[in-house]
Amino acid sequence: MENGTAVGYPVVNQGIPSGSSLYDCPCDGTWLLRKYIYEERQWHSSNVNDYANSTIHSYLNSTFLTRFDSDIQDAIKQVKTPYVNGTGSSGSVASSANGLSAKIFLLSGYEVGFLTSVSKYVPVAGAKLDFFESGITNKTTRIAYLNGTAINWWLRSPYTEYTNYVWFVYTNGGSNYRYCSDSYGVRPALVLPSTAVFDKDTLVFKGVK
């Protein structure tokens, strides 16, 4: 429930993605991804691909988080996801205990199946989630909609050749990159305890077993 309205959040992974050591222990849970694009928004108003200090990271973990009831907010796990610490080619992947702490986050290129075979400028910041297919030929699981129209949606991965480009999922499920100051779709992800329980009829959160 977001602000009292039921919203689809499909399960995209169970447990640590691919058993990767890039994630810390709290990432061992049920990964959910908003089914539909919430809105279009800038990745970073200053047009720099520093995710930790980005406009979108701050927004997701403040304004967007408050869309959930307080008991849901408390249940959402505080995880540390792998990310590029810095900008462009000068940045480096920080992972595991050094990952970026968040409750709400964007997925990385690797998590949706965009590997370095797609481009050498896709940082190895994560592992593929079970829901997605690898590569650029298997695209349909990545397509997402806003008000019935497929639109581009942001990833948290910078395009590492430059300091002002970020990867996004294209309308056909393929990959591309664009200026951080552009406005593209926001598709939040989160991790719940695998023992979280919801009422199947009302979708009311019933707690953690």
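The residues of the chain are indexed from 1 along the displayed sequence.
- In this structure, the separation between OG on Ser183 and CD on Gln42 is 5.0 Å, given to the nearest 0.5 Å.
- Just one residue in the list Ser181, Ser46, Ser45 forms a side-chain hydrogen bond (donor to acceptor under 3.5 Å, both in side chains) with Thr55, and that residue is Ser45.
- Atom CD1 of residue Ile72 and atom CZ of residue Arg67 lie 13.5 Å apart, to the nearest 0.5 angstrom.
- Rounding to the nearest 0.5 Å gives a distance of 5.0 Å between CD1 of Ile16 and CG of Asp28.
- Taking the six-membered ring wherever Trp is involved, the centroid distance between the rings of Trp167 and Tyr177 falls below 6.0 Å.
- When all heavy atoms of Pro188 and Leu60 are compared, the closest pair comes out as CG-CD2, 4.1 Å.
- A cation-pi arrangement is absent between Arg178 and Tyr165, since the terminal nitrogen or guanidinium carbon is not both under 6.0 Å from the aromatic centre and inside a 45° cone about the axis.
- The closest side-chain heavy-atom distance from Leu107 to Leu33 is below 4.5 Å.
- The aromatic ring centres of Phe205 and Phe198 sit less than 6.0 Å apart.
- Of all heavy-atom pairs spanning Ser95 and Leu22, the tightest one is CB-O, 3.3 Å.
- When all heavy atoms are compared, the tightest approach of Ala144 to Ile37 is CB-CD1, 3.7 Å.
- A 4.5 Å side-chain heavy-atom check between Trp153 and Val186 finds every atom pair outside the cut-off.
- Between the side chain of Lys139 and the backbone N or O of Asn172, no donor-acceptor pair lies under 3.5 Å.
- Side-chain heavy atoms closer than 4.5 Å link hydrophobic residues (I, L, V, M, F, W, Y) into clusters, and following such links, even through other members, never connects Phe68 to Val197.
- Remark: the backbone N or O of Ile104 is not paired with any side-chain donor or acceptor of His57 at under 3.5 angstrom.
- At most 12 heavy atoms of other shown residues, nucleotides or ligands fall within 6.0 angstrom of atom CG in Asn147.
- The main-chain N or O of Val48 is never found under 3.5 Å from a side-chain atom of Thr163 such that the two would form a donor-acceptor pair.
- A salt bridge links Arg34 to Glu2: one of the charged nitrogens lies within less than 4.0 Å of a carboxylate oxygen.
- At most 12 non-hydrogen atoms from other residues, nucleotides or ligands lie less than 6.0 angstrom from OH of Tyr170.
- Although no hydrogens or angles enter the test, the distance criterion places a donor-acceptor pair under 3.5 Å between the side chain of Ser90 and the main chain of Thr87.
- Under the 4.5 Å side-chain heavy-atom criterion for ILVMFWY residues, no single connected hydrophobic cluster contains both Ile143 and Ile151.
- Of the residues listed (Phe132, Tyr23, Tyr9), the one engaging Trp31 in a ring-ring contact (aromatic ring centres under 6.0 Å, His included) is Tyr23, and it is the only one.
- Side-chain heavy atoms closer than 4.5 Å link hydrophobic residues (I, L, V, M, F, W, Y) into clusters, and following such links, even through other members, never connects Val84 to Leu100.
- With salt bridges taken as basic N to acidic carboxylate O contacts below 4.0 Å, one links Glu111 and Arg156.
- Taking the six-membered ring wherever Trp is involved, the centroid distance between the rings of Tyr184 and Phe168 falls below 6.0 Å.
- Side chain of Asn61 to backbone of Lys103: a donor-acceptor contact under 3.5 angstrom is found.
- Tyr179 and Trp43 have their aromatic ring centers separated by at least 6.0 angstrom.
- Scanning all heavy atoms of the two residues, the minimum distance from Phe131 to Thr141 falls at CE2-O, 3.3 Å.
- A continuous path of hydrophobic side-chain contacts links Val11 to Val208 [ILVMFWY only; heavy atoms under 4.5 Å].
- Atom CZ of residue Phe114 and atom OG of residue Ser108 lie 10.5 Å apart, to the nearest 0.5 angstrom.
- Contact record, Gln73 with Thr66: NE2-CA, 3.6 Å, taken as the closest heavy-atom pair.
- Within the model, atoms OH of Tyr51 and CG of Asn85 stand 13.5 Å from one another, a figure rounded to the nearest 0.5 Å.
- In this structure, Tyr83 is not a member of the same hydrophobic cluster as Val93, with clusters built from ILVMFWY side-chain heavy atoms closer than 4.5 Å.
- Annotation: side chain of Val169 is not in contact with side chain of Asn152 (no heavy-atom distance under 4.5 Å).
- Contact annotation: the side chain of Leu106 never approaches that of Arg187 to less than 4.5 Å [non-hydrogen atoms, C-beta and beyond].
- Formation of a donor-acceptor pair under 3.5 Å by the Ser119 side chain with backbone atoms of Tyr121 is found in this model.
- Using a 4.5 Å heavy-atom threshold, the side chains of Val166 and Trp154 count as touching.
- Between the side chain of Asn47 and the main chain of Cys180, a donor-acceptor pair closer than 3.5 Å is present.
- Going from atom CD of Gln78 over to atom SG of Cys27 covers 10.5 Å, rounded to the nearest 0.5 Å.
- Proximity of a side-chain donor or acceptor of Lys77 to a complementary backbone N or O of Pro26 within less than 3.5 Å is detected.
- Of all the heavy atoms in Ser18 and Lys128, the pair that sits closest is OG-O, 3.2 Å.
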(request) Would you check, one step at a time, whether the test salt bridge (Lys or Arg N to Asp or Glu O under 4.0 Å) holds for Glu161 with Lys120? (result) CA-CA 9 Å; Glu161 184 179 17; Lys120 65 180 180 179; over 6 Å; no

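- Looking at Asn49, its side chain does come within 3.5 Å of a backbone N or O of Tyr162 through a donor-acceptor pair.
- A donor-acceptor pair under 3.5 Å is absent between the side-chain atoms of Asp130 and the main chain of Asn13, judged by distance alone.
- Taking 4.5 Å as the limit, some side-chain heavy atom of Val12 sits within range of a side-chain heavy atom of Leu129.
- Under the 4.5 Å side-chain criterion, counting only non-hydrogen atoms from C-beta, Val7 is not in contact with Tyr36.
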